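What follows is a set of notes on a single structure, which appears directly below.
Computed from a predicted structure; not experimentally measured.
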Amino acid sequence: MSLTAKQVVVAGGFDDIRSRHLRFLEEAARFGELTVLLWPDQTVRELTGAPPVFPEAERLYFLNAIRYVSRVIPATGAVKTQ
């Protein structure tokens, strides 16, 4: 990661990854080096009312395999929605 490059940060559960997720990540990466904050299983469960389709470790693996993503960081803490 370059200290002079623009940094782009997105956050989400990225459970059951689909083509729309890939398009979103591809577009976000056009603005700079892309970092994804990955919500933990508990946050996905709280927001959707159901357990995640894929556990956090698998979602982390999937996201790291996407060429547009520079790095993935497991997110901690609560997520507020309105």
Remaining members of the apolar cluster that contains Ile73, side-chain heavy atoms under 4.5 Å: Val9, Leu37

Atom pair CG/OG1 of Leu38 and Thr43 - distance to nearest 0.5 Å: 9.5 Å

Backbone N/O of Val53 and side chain of Asp15: donor-acceptor pair under 3.5 Å: yes

Side-chain donor-acceptor pairs under 3.5 Å in residues 59-66, sequence neighbours left out?
from  : atom 1 : to    : atom 2 : distance (Å)
Arg59 : NE     : Phe54 : O      : 3.0
Arg59 : NH1    : Gly13 : O      : 2.6
Arg59 : NH1    : Trp39 : O      : 3.0
Arg59 : NH2    : Trp39 : O      : 3.4
Arg59 : NH2    : Asp41 : OD1    : 2.6
Asn64 : ND2    : Leu60 : O      : 3.1

Shortest non-hydrogen contact between Val69 and Val72, atoms and distance: CG1-CG2, 3.6 Å

Cluster overlap Phe14 with Leu34, hydrophobic side-chain contacts below 4.5 Å: yes

Non-neighbouring partners of Pro51 that pass side-chain contact (heavy atoms from CB on, under 4.5 Å), sequence neighbours left out: Arg45

Below 3.5 Å, can you tabulate the donor-acceptor pairs from side chains in residues 19-28 to any protein atom, sequence neighbours excluded?
from  : atom 1 : to    : atom 2 : distance (Å)
His21 : ND1    : Arg18 : N      : 2.8
Glu27 : OE1    : Arg30 : NH1    : 2.8

Heavy-atom closest pair, residues Ala75 and Pro40: O-CD, 3.5 Å

